[in-house]
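For reference, the structure is listed below as structure tokens.
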Number of protein chains: 2
Amino acid sequence: MLSQAEENYLKAILKLSQKNGKSVSTNAIADELYTKASSVSDMMKKLSEKSLIHYVKYQGVYLTEKGKGLAVHIVRKHRLWEVFLVNHLNFKWDEVHDIAEQLEHIKSLELVNKLDAFLNFPSFDPHGDPIPNEAGEFPKTSAIPFSELPVKSRGKVVAVVMDEPSFLKYLDKLNISIGAQVEVIEVNEFDDSFDVKINDIQSHISLDVAKNILISLL
Amino acid sequence: MLSQAEENYLKAILKLSQKNGKSVSTNAIADELYTKASSVSDMMKKLSEKSLIHYVKYQGVYLTEKGKGLAVHIVRKHRLWEVFLVNHLNFKWDEVHDIAEQLEHIKSLELVNKLDAFLNFPSFDPHGDPIPNEAGEFPKTSAIPFSELPVKSRGKVVAVVMDEPSFLKYLDKLNISIGAQVEVIEVNEFDDSFDVKINDIQSHISLDVAKNILISLL
DNA sequence: AATAATTTTTAGTCACGTCTAAATTTATAT
DNA sequence: ATATAAATTTAGACGTGACTAAAAATTATT
Ligand SMILES: [Mn+2]
Ligand SMILES: [Mn+2]
Ligand SMILES: [Mn+2]
Ligand SMILES: [Mn+2]
């Protein structure tokens with residue numbers, strides 16, 4: 001049985017290897033978990049000992065099949081709980097991450113699957129992140145950053161990349177939520193900002209914001 | 001912020017002081033938590049240091065107001081989650097305790113109160129145990145053990161004393177659930193067993209079982 | 001290729017929560 | 001009142017997961 005610390009390391013390694021390449025560096029993990037490289041080194045030995053990661057000193061790590069399966073399961077729990085909190089307990093999408101960080105460590109396969117059924121087997125969480133099914137398979141998604149939407153093209157918001165509350169609250173202020181229709185009117189080369197339409201209402205967003213919104217083309 | 005271990009100790013002390021007298025002994029706590037007396041002694045120092053218990057060496061402990069408030073809050077969470085698991089996720093009443101033991105440690109006041117609202121502010125959990133409200137007040141209850149129900153009197157099951165799955169499953173087999181109508185037909189002095197009616201159907205239970213069922217007189 | 005900078009690992013320490021064994025205190029029995 | 005038994009605490013150890021400082025390996029620069 002894994003400790004919460006071990007689970008958090010596995011999740012961090014999965015996240016980093018999905019974002020970047022296969023092999024994940026010690027420092028990257030330390031940054032992700034707000035800990036120190038030396039602590040990571042210690043933990044890598046333990047996880048390697050348990051056959052959850054492949055670890056060669058100084059060469060970074062990557063998940064074994066077993067480790068990946070466990071990491072995906074934790075992500076599944078995290079996202080299912082987020083759906084519950086938003087859809088049934090009336091939390092806002094910027095309030096659920098920290099609570100889900102705790103709930104994801106609750107150990108009971110029955111609980112996860114009953115929760116999944118209660119929620120009607122959702123494919124995406126409140127931030128548009130894909131939820132793996134019981135077999136660990138992620139729903140197919142094809143989305144591009146808002147910042148790459150061609151001028152005059154229209155799209156639909158399907159996910160956000162960051163889940164920092166401050167960013168999500170800013171999106172609320174801009175009336176940008178999952179499902180919103182968006183269109184690029186003009187790109188301002190001067191500051192790389194965009195004149196856009198959000199649900200047909202004229203607005204303006206920075207490149208930084210646009211990069212963190214994922215859309216599908218309409 | 002309390003650790004899970006500290007919370008479990010507080011809960012154990014509350015439980016024991018509710019059942020028996022004020023002051024709780026080191027060994028009683030050790031038994032309750034399946035740990036050793038020496039571990040309890042160590043923890044008593046820490047909890048005392050944090051002003052959560054009154055502790056005089058060799059004299060047992062009892063909760064301070066602060067400690068009691070925290071302990072009651074954990075009980076509140078435990079029982080609310082049990083209601084959720086049974087009423088919304090279709091768990092049986094014998095399956096929820098261990099999961100609630102984990103969920104009770106999730107830290108978020110907002111979560112507890114939103115869950116409470118979602119569940120319609122229940123007063124009792126699936127085992128008939130009273131659920132304290134946000135202010136920490138328990139609903140009033142007056143129940144007696146089934147074993148003390150006079151012959152020919154009728155009562156309604158309101159709670160069970162034990163929550164061991166084996167006991168609860170046995171009650172299922174006997175068709176005894178919260179709300180069931182019960183009546184004592186005859187007491188068998190020979191083995192202290194009871195001839196009873198459960199929802200008007202004749203049955204037979206031992207003293208041991210009868211002592212662990214709480215009823216209110218009709 | 002040699003040196004410098006960066007990354008990673010190791011060595012040593014610490015707090016937490018547990019344990020066993022030994023010492024101490026309190027309770028019980030004679 | 002004294003001896004014995006039971007309960008409790010202390011002493012010393014261990015595993016986990018973190019840290020700092022120092023050493024070692026890798027990568028980048030000249
Ligand atoms: Mn999240
Ligand atoms: Mn999410
Ligand atoms: Mn319970
Ligand atoms: Mn209960």
Side-chain angles (χ1 to χ4, degrees), chain A residues 1-14 16-17 19-63 67 70-71 74 101-102 104-105 107, chain B residues 1-14 16-17 19-63 67 70-71 74 101-102 104-105 107:
Chain A
M1 180 127 80
L2 297 185
S3 67
Q4 291 201 189
E6 289 170 323
E7 292 190 343
N8 285 333
Y9 275 95
L10 289 183
K11 201 170 45 127
I13 296 168
L14 177 66
L16 292 168
S17 67
K19 188 153 51 182
N20 315 310
K22 241 197 161 202
S23 185
V24 178
S25 79
T26 301
N27 269 344
I29 298 169
D31 287 353
E32 175 69 24
L33 295 177
Y34 299 100
T35 182
K36 295 294 152 68
S38 56
S39 308
V40 175
S41 277
D42 285 349
M43 184 58 91
M44 293 309 101
K45 283 178 208 148
K46 285 181 215 161
L47 295 180
S48 174
E49 191 57 45
K50 293 189 178 184
S51 301
L52 300 173
I53 59 172
H54 294 286
Y55 174 47
V56 183
K57 268 195 223 174
Y58 294 100
Q59 310 268 123
V61 299
Y62 60 96
L63 296 167
L70 291 169
I74 300 160
E101 284 290 309
Q102 300 178 63
E104 73 189 5
H105 300 292
K107 282 166 179 67
Chain B
M1 181 125 82
L2 297 185
S3 68
Q4 291 201 189
E6 289 171 322
E7 292 190 342
N8 285 334
Y9 275 96
L10 288 183
K11 202 171 45 127
I13 296 168
L14 176 66
L16 292 168
S17 67
K19 187 154 51 182
N20 316 311
K22 241 195 162 206
S23 186
V24 178
S25 78
T26 301
N27 269 343
I29 297 169
D31 287 353
E32 175 70 24
L33 294 178
Y34 299 100
T35 182
K36 295 294 152 68
S38 56
S39 307
V40 175
S41 277
D42 285 348
M43 184 59 91
M44 294 308 101
K45 283 177 210 148
K46 286 181 215 160
L47 295 180
S48 175
E49 191 58 44
K50 294 187 178 184
S51 301
L52 299 173
I53 60 171
H54 293 286
Y55 174 48
V56 182
K57 267 195 226 175
Y58 294 100
Q59 310 269 121
V61 299
Y62 60 95
L63 296 167
L70 291 168
I74 299 160
E101 284 290 309
Q102 300 178 63
E104 72 188 6
H105 299 293
K107 282 164 179 67

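So that the names make sense, note that chain A is the first sequence line, chain B the second, and so on, each numbered from 1.
What separates NZ of B/Lys45 from P of D/dT9 is a distance of 8 Å, to the nearest Å. Going from atom CE of B/Met44 over to atom C1' of C/dT25 covers 18 Å, rounded to whole Å. The distance from atom CD of A/Glu49 to atom P of D/dG17 is 14 Å, rounded to the nearest whole Å. Taking atom CG of residue A/Asn8 and atom C1' of nucleotide D/dT16, one finds them 14 Å apart after rounding to whole Å. Summarising the geometry, the separation between NZ on B/Lys50 and P on C/dG17 is reported as 7 Å, rounded to the nearest angstrom. When rounded to the nearest whole Å, the span between CD1 of B/Ile29 and P of D/dA7 equals 15 Å. Nucleotide C/dT10 holds its P atom 9 Å from the CG atom of A/Asp42, rounded to whole Å.
Put simply, the residue from A/Lys11, A/Lys45, A/Lys46, A/Lys50 that forms a salt bridge (charged side-chain N to carboxylate O under 4.0 Å, His left out) with A/Glu6 is A/Lys50.
For B/Ser38 against C/dT18, no side-chain N or O and base N or O form a donor-acceptor pair under 3.5 Å.
Using a cut-off of 4.0 Å between Lys/Arg side-chain N and Asp/Glu carboxylate O, B/Glu32 and B/Lys19 are scored as not salt-bridged.
A sub-4.0 Å separation between OP1 or OP2 of C/dT20 and a side-chain N or O of B/Lys36 is present. An OP1 or OP2 oxygen of C/dC16 is reached within less than 4.0 angstrom by no side-chain nitrogen or oxygen of B/Ser3. Between A/Tyr9 and D/dA18 there is a side-chain N or O to OP1 or OP2 distance below 4.0 Å. The shortest distance between the side-chain N/O atoms of A/Tyr55 and the OP1/OP2 oxygens of C/dT9 is below 4.0 Å. Residue B/Asn27 has no polar side-chain atom (N or O) positioned under 4.0 Å from OP1 or OP2 of D/dA6. Neither OP1 nor OP2 of D/dT26 sits under 4.0 Å from any side-chain N or O of A/Lys57.
As judged by a 4.0 angstrom heavy-atom cut-off over every strand, A/Thr35 is placed among residues touching the sugar-phosphate backbone only. Looking at heavy-atom distances under 4.0 Å, A/Thr26 makes contact with sugar-phosphate atoms alone, never a base. Contacts of A/Ser39 with the nucleic acid, taken as non-hydrogen atoms under 4.0 Å apart, include base atoms.
Side-chain contact check for A/Leu52 versus A/Ile13: every heavy-atom pair is 4.5 Å or farther apart.
Between D/dG17, C/dG17, D/dT9, one nucleotide has an atom nearer to the side chain of A/Lys46 than all others, and that is D/dG17.
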